[in-house]
Every structure is written in C-alpha cells, then in structure tokens.
Amino acid sequence: MDINIPIRKNCITALIGPSGCGKSTLIRVFNRMCDLVEGTKTEGIVFFDGENICKPNTDVLALRKKVGMIFQKPNPFPMTIKDNITYGPKLHGVKDQKELDEIVEESLKKAALWEEVKDRLHVSALSLSGGQQQRLCIARALSINPEVILMDEPTSALDPMATAKIEELSLELKKNYTVVTVTHNMQQARRISDYTGFMYLGRLEEFGRTKDIFENPQNELTKRYVSGIFG
Amino acid sequence: MTPDEQSVFKDKLAIDQDGIIEKGLIAGISPRSIYNRLKTEDRAKLILTATVVITVAVLFFIILFISYNSLDAITQIGMWEFLTGASWSPGSGAYGASSLIVGTFLVTGGAILFALPVGLGVAIYINDVASPRVKSVLKPLCELFAGIPSVVYGFLGIVVLVPLLLDIFPNHLSYGYSWLAGSLVLGIMALPTIISVSQDSLAAVPRSYREASMAMGATKWETTRKVVMHSAVSGIAAAAILGIGRAIGETMAVMMVTGNAANFPEPLWNIFDRVRTLTGSIALEMGESVHGSLHYSALFLLALVLLVIVLTVNLSARRIVRRTKMKMGEIAKPSRETKIAQMMSPITKSFEAVSDRYKETAVKIAIYAFIFAFAFMISSLFIGTYGGLAIGVLAATILFISKKLSKMLGPKHVQKVVYSSLGVVVLAVVAILVVFLAIIFVRGMPAMSMDFITSPPSHSGAEGGIWPAIVGTLELMLGTALIAFPLGVCSGVYMSQYAKDSKFVRVARQAIDALKGTPSIIFGLFGMSMLVIMFGWGYSLIGGCITLALMVLPTIIKTTEEAVSAVPAELSEASAAMGASKWQTISKVVLPAAMGGVITGFILSVGRAIGETAPIMFTAAVAFKTTVGFALFEPIMALPYHLYYLVSEVPGATDNQYGTAMVLMMIVIVLFAAASLIRRTYNKKVGW
C-alpha cells in the first residue's frame, strides 16, 4: 500500500478507480469499520483532529460518532422512520422527547426528506423508495452531528433521478460537513467533488483537484482511466 | 401412435395445424417419445399430489377420531362442566378438567420463563461472541440434545433432579416430584429448540443493519440489543411459541416428575406443589380405562382440549409473526383497507404517536412490575407474605441500581459484563447437558454385558436383558422409515416445486404446520382408536410404525421442502434450457443435488421417532415379551417404553434402567452421527 491522501475540510473528496482497487477498504479505515472484518491488519497513520486514529487504543465508538458513514445499499433499520433517526441520539445519551423530535425534524430537513415523510414518521422505513431510504440513511448519519461523512458508493443501487437528488444533497452537505465519497462513476466524481484520488491495485496513483485529474492528469494510468480506455 | 393417444397429445400441445405430430417433425424427436414424456410428467405430478392429499387427510382423520370418541363425554358430562369442574376423579365419576388445564399451563409457563431467557442468551452468545470453532461445537451439541428422547429426560429428572431438589428444599418439598421439577425438566428439554431457532433468526438479520449501527458508534452489544434483536423479534417470538407448543404437548418427561396430583397448587404460585397435566392424565389413565366407557371418552375429550390449545397457540404464533413482519414492512400490508380502518386511521395514527412516546415508560413499568411480582411469589413461599413483599421491593431496587450502574460504566464495560455473563450461562447449560450424558453412560456401563444385550428380560425386567426391546426398536425404525420416507419426500418435493398459491396448497400448508405441532400422544390416541380398535389389529408392530410415521411425516416434509428449495435456481434453469421437462429436471438435477439435506433431515426425524414413547404405548408396545421375530401384527417391546416401564413399575431395577437408557442413547447418537456425516460429505460435494 502506498497511500498519502489529505482530506480537506468542507470539501468533497472523491475516490475513483476500477473494482477491487481498494477504495472501499480505504474509506473503511477512516472510521475503523475495517475492524469488523475478522483478521484485519492496518499499517500506517490516519490523522483526524491531530490524533492517529489507527492507534490500537483509539476510542472507536467516539470516532464513529464523529465520522459517519453511508453505505452502498440503503440500509435503514426495520423500524419506523422516527426510530431510525432517534437511534443514534438515544445511543449517545439524548433522552428528552422534545429534543429528539427536534433532531428528527432537523436531520430530515438536512437530508431533504422532511417534506416527503413528515406526515408518516410512524410508518416502517422499509416502505420508502430506494432513494428515500438512502436519504433517510443520510439523515440518520446526520442525527448525531458528525464532522465527516463517508459515502461508500452511495448511489450505485439507485436510479438516475434518485442519484441526482443524492448528488445535489452532497453539494449542500459540504457546507457544514466534510464529505469523502467512493464512486464507480467517474462522471459523478467530476460533477460533485472538489478533490479526486485515483486508485489502482491498492495504490493511490494520483491525487489532486478534480479539474486537474480529469482535464490534465499527470499519470499515464489516470489518463487512460479517466478517458475510458480501461476500467 | 394410436388415434386415442394422438388426441390426448393434441390437447396437451394445442398445435397441429400442419400435422406436425403425425409427421413427427418436432426437431427430429419422435411424437411417441414426446407423448411418453408428457405422460410421465402427468403421472409424477399425480403421485406427488396424492401424497400431499394423504397428509391433509391424516389431520382430518385425527380430528375426526378424537372428536368422535369424545362425543359421549361431551353429551354426558357437558362441555362447561368438563372445562370448569375442579375435581378430576374418574373413580368417583368426577370429570372436571380445570386443574389439569391449569396444571398444563403452569408447568409450561414455568419452563418457558427460564428456558426463553437462557436460550436467547445462549443464542446471542453463539451469534456474537463464539469463535467459529466454538460455534462448530455448540451447534451440533444443540442438535444432539434436541434428539434425547423425552423418556430419558424424565428418567434423568427422577434420578438426578428430584433428589437434588429434595436436598436443596427439604422443608418445602414433601416428595420432590413437583411443578418445579416438571418445569425444570421441560425447560431443559425446550432449550435446544429455542437456542437453534432464535440463533437462526439472529443470524438471518442482514449484516448491513449491524454495520449501520456500528458506524454510528454503537458497541456490538448495543447493536445486538437494539437493532438485531428488534429485527429478529418475529423469529424469536416464533421460537418461544414453538417451544411453548411443544412443551404443552410433552408427555413422558412431565408425567414422570410432576407428581401427578390433580389439584391446584396452594397458593397458585407454589412451585413445590404437585401438579398434573392433560398429557399426563391421558397417558396414566388410558391403560386402565375400559374401551367405550365414560372414562375412556373423557380422556379423548382431554386430548381434544389439548389439541385445541396447541393448535390455537400455533395459529396465534403465525399471526403474531405475520403482524410483526407487516409492521416492520418486511411483507406488504393487505392493500384493501376496510372502511372502518379508514375512518379510524386518524385515531390510530394519533394513538401511535402517543403510544410511541409512552411506549418506553410502559415497558419499563412492566419490567419492574414483573420482577417485583416474581420475586414476591418465590420468596413468599419461604418467608411469608411480608418477607416476600420486602424481597420484591429489594429485587426491583437492585434492577434500578444495576441500570444506573450500567450507565456509569459506559457501553464498553457493559458489553464486557454482559458477554462474560452470557459465557457463564453457556458453560452452565453445556455442563448440565454433558453431566446428563455422563451419568447415563457411567451408571449404564455396569449393566452392559453380552448377556444384557442378547437375552430377554426376566423377573419383570429387573433381571435379564433387553434383546427383544432392541430388536423391536430397530423394527419400528425400519417400518417407520419405509412408510414415512416416500410419503414425506414426495410431499416435500411437491410443496417445493409444484405448489402454487392455490386454495389446496394453502390448506395443505396449514395442515402440515398443524400436524407438526400436534402432540405425540394425540397421534398415539389416533393410532389406538383407528388401528388397534377399529381395524382390530390389537397392539402390533405395524400399528406402531404407522403411528410413528404419521407423526414424523410433517417434519420430513418440511426438511425436504427446505433442502429442495435451497438448490440454486440456476441449476434447474440450465436443465430446462436444454429442453428437459419439469419432472426430468427435478428427478435428474434438483433431487440429486438436494439429497444430502433430504436424507439428513430424514434420519434426524426418524431418530426422534424411535425415542418416542407416547405414540407407541397404546398402539404397539408391551412390557414383556421373550420371543423375537418379524411379525407385523404382533405386539413388540421397545426401548423407550421398556425404560418407562422399568422406572415406573419395577423398583430396584436400577442397573437395567441405566443400561436401557444407555442403549437407547447409543442408537440415537449413532443416527445423529450418521446424519451429520452425510451432511458434511454432501456439503463438500455440492459446495453451497
């Protein structure tokens, strides 16, 4: 592994590359979700707020509260919409019903879902459409006020309309949060991200401003990938 | 091809404008071969359907025979008097079953009260904590203990548990045989089922739910408690109710340790009192009652009541599971809402909003109330009402403090505490079961000798051997297998491959589920009234085989259906794409691939069948027989019944009791080992 990547605050950083290149693995290091896979070994250093989060004694629970994650397939819990949102705050000690209600409204508004679901907060989250489910997952991640949001191919299971909404939402989110997104879709990276890293076979081949990566790549591999010669 | 055949053929294919069939022009395949194929196809489907019809008919006949035989009791005693009467004393003509019904529920309730939390705990441990290696030991162990015959559990209850309870509570137990003993034995018996069913449903929760929760900073235990258990709740409820259904219908073990006094405990929560269950009464008294008498009919009425209770429990289980699934959006709600529901919808909605707010408080209050009541009831038996109240308050306070404490400890430490206590529970459960096995084998060893195995019993079984019982059990096993295998496997294949959502299939599914939950003693009564009395066969090997076969039929159907459905659709598609007919695909591709699972399930069910006592004690088994031979219409000796007979009727036959139990266990273990060997070989071969 040879990766050296800066994640800038209030920007969208996109990771692109062919399947199996290690994008998702890398992003899962950022909130130590990689620990869930049996026999994982990490080497190297990831700094977040001046701390190396790869140290064994890192408080991963506190880390994950600050670094939220959106998954490839929408994975709302089989509970009501409201219970999905209040899950995280309750976990971290919020008890007051009023406060919880406020969090629900605020998170759903931030995720651009409030208008669609405000009248049916008590129905099962599984009754929502795929795109709505993914926005609910974003609202759920926002409910505990993270600083960073990791998105692991958040639109790969969605149709073009829903994808457009999520992209729009990402642009809105970067005003308050730092976003790292992994995507298969080069055009998506080009549309929404400020910085792009191109990965290949577990190595970060090139990193830079999105405009530079797509219009003036320095690396031969990157050039061939972004111009669609391989991938 | 005869004109007759041709017309059938034309009907089938509905193409023949150009005389293709007469000229044999379909891709060079002769019309005759196509015709034969269609005929085989029809026949196969017909045979499979017929087996399903038989299964449905069995349930129908069981209900018919039990109801018919209880008619006398209904008309002469009256349903109301029968259900509410407090005194059960057939000798003096008193037939009030209320104490038996209450006794059944008390024993079952006590069993579930301890088996459900313990079982769920073990399931969580297996799912969350256990390493793959520990898992690979615990899961088969569970299966093995589910296979221990109920009469053996009863025997262990008598020789281990009852003396133990007498030692612990010398002042409160006059006999040792008690509600407490019954519930403990029943709970231990129910554990393996509860563990494996709830572990399956925990494991079925999608990994993505876990990930979503962990990504928000929840610990593993928080995730399990709040997300995984929430999602698995329908499966866990099913496990609980399945356990209850089975416990209500359990006969031998309960009858052997509850003391069988037909009265209400005094006070009603006195776990040290003796109680009697519905199943116990039937099994105890059926042998003494005269065929055609009121007593005889009253026992059938007990069976009918039992059947109704069990079917209701199982039916409500299915409804609960469906409703939870609907609520969680896993299955669609019925699209048509009734007018009333529409009118009520604003009300229900606001109710939901309110209930949501107070749900947690309500649950909390319920938990405290339960803990208080439970602590009060138990402790008041020892130290009186006031002492009980004090202990109740103390228990609730401890719960309160421990909750506060857990908040102070932080989620990580709570997880450590919870998982290590679960580890202790697992160790305890494993230890109990291993000790049970060890006792049988250590105490059974002295009885083992060539003589014991190969000679017939003498002195009512106190001396001599068990050869006729071994032979009888093996004959029963063979006969049961011969009847149950074709019926069960064919029905299973039908249910998996041919069943569509038709009325017939729905009825068949319901019937199979109902039969699966039907207590074994009901099969015994059915076999007795139809085969022994109506057909006039008397106690016979064939009667026992048929009864046992009917009993295991639904389980074999289910396991076959599961194994066949597990074959990947790609395989049958590949076969169909080469022009194979449906039956050709099933017989040549699907069935061979599923055979490992089918046979494993089959052996396990037969293993369970031969350990059963209740179904054969009124249809086939006698206490004493010296000759050995294969005579279909002769009564037989069988190991489980022999063990029951020795334990209940022959005091001082200790060595032979342990020896019989050991031989029975050995047969069960051999079958079990064979099943898991086959499963392993097949899994390796097909690899899914």
Side-chain angles (χ1 to χ4, degrees), chain A residues 28 30-33 35-38 59-84 86-93 95 97-98 100-101 119-128 133 136-137 140-144 146 149-150 152, chain B residues 128 131-132 204-223 225-235 323-333 345-346 348-361 364 407-408 410-415:
Chain A
R28 276 163 183 259
F30 293 163
N31 66 347
R32 293 278 298 271
M33 284 297 279
D35 294 13
L36 301 193
V37 182
E38 216 125 306
D59 181 353
V60 289
L61 303 185
L63 172 70
R64 290 180 191 150
K65 182 177 178 304
K66 284 190 220 158
V67 183
M69 189 163 207
I70 311 296
F71 297 82
Q72 199 166 1
K73 259 176 78 182
N75 55 353
F77 299 132
M79 310 170 179
T80 65
I81 294 173
K82 188 181 165 191
D83 286 345
N84 262 282
T86 55
Y87 177 78
K90 277 186 187 165
L91 205 62
H92 295 290
K95 274 179 139 183
Q97 270 300 332
K98 235 182 177 169
L100 287 173
D101 285 345
D119 296 324
R120 43 179 180 143
L121 295 175
H122 292 284
V123 304
S124 167
L126 299 185
S127 65
L128 299 175
Q133 287 189 7
L136 178 68
C137 291
R140 186 174 63 188
L142 297 179
S143 69
I144 47 174
I149 298 170
L150 308 173
D152 188 357
Chain B
D128 280 15
S131 65
V205 173
R207 203 185 140 77
S208 66
Y209 293 172
R210 269 186 179 284
E211 284 190 334
S213 166
M214 305 275 286
M216 294 175 73
T219 61
K220 205 169 181 179
W221 165 240
E222 281 174 316
T223 304
R225 189 163 73 89
K226 293 180 181 159
V227 177
V228 177
M229 273 165 67
H230 183 95
S231 321
V233 75
S234 59
R323 284 191 98 176
T324 9
K325 278 192 174 162
M326 238 166 357
K327 214 170 154 199
M328 298 205 294
E330 278 169 39
I331 50 176
K333 276 191 185 150
S345 105
T348 43
K349 253 189 198 149
S350 57
F351 179 74
E352 265 173 10
V354 172
S355 75
D356 189 63
R357 187 146 296 182
Y358 297 106
K359 198 167 56 188
E360 282 168 39
T361 329
K364 250 184 216 163
K407 223 155 258 163
M408 274 156 54
K412 269 192 214 153
H413 290 98
V414 171
Q415 168 165 317

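Quick note on labels: first sequence line is chain A, next is B, and so on, each numbered from 1.
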Should we count NZ of B:Lys412 as having more than 12 external heavy atoms under 6.0 Å? yes
The criterion is salt bridge (charged side-chain N to carboxylate O under 4.0 Å, His left out); which residues satisfy it with A:Arg28, sequence neighbours excluded? A:Asp152, B:Glu211
Going by the rule salt bridge (charged side-chain N to carboxylate O under 4.0 Å, His left out), which residues pair with A:Lys90 if we only count those two or more places apart in sequence or in a different chain? B:Glu360
I need the B:Thr223 OG1 to A:Leu91 CG distance, nearest 0.5 Å. 7.5 Å
Is it the backbone or the side chain of A:Asp59 that comes under 4.5 Å from a heavy atom of chain B, or both, or neither? both
Between A:Met69, A:Lys66, A:His92, the one whose heavy-atom pairs under 4.5 Å with chain B are most numerous: A:His92
Which atom pair, heavy atoms only, marks the closest approach of B:Ser213 to A:Tyr87? OG-OH, 2.6 Å
Where A:Asn31 and B:Ala215 come nearest, the two heavy atoms and their spacing: ND2-CB, 4.3 Å
Would you compute the distance between atom CG of A:Leu61 and atom CD of B:Gln415 and round it to the nearest 0.5 angstrom? 8.0 Å
Does A:Asn75 reach the main-chain N or O of B:Ser208 with its side chain, forming a donor-acceptor pair under 3.5 Å? yes
Would you mind reporting whether B:Met214 and A:Val60 have side-chain heavy atoms less than 4.5 Å apart? no
Give, as side chain, backbone, both or neither, the part of B:Lys407 having an atom under 4.5 angstrom from any heavy atom of chain A. side chain
Heavy-atom contact with chain B under 4.5 Å, split by part of A:Pro146: neither
If you take all heavy atoms of B:Tyr209 and A:Pro78, which pair is closest and at what distance? CE1-CD, 3.3 Å
Check whether any side-chain N or O of B:His230 sits under 3.5 Å from a backbone N or O of A:Phe77 as a donor-acceptor pair, and report yes or no. no
Only residue of A:Arg140, A:Lys65, A:Arg64 satisfying side-chain contact (heavy atoms from CB on, under 4.5 Å) with B:Met216 is A:Arg140
With a 4.5 angstrom heavy-atom cut-off, could you sort out which part of B:Pro411 is near chain A: side chain, backbone, both or neither? side chain
Turns out that what part of A:Ile144 lies under 4.5 Å from chain B's heavy atoms comes down to side chain
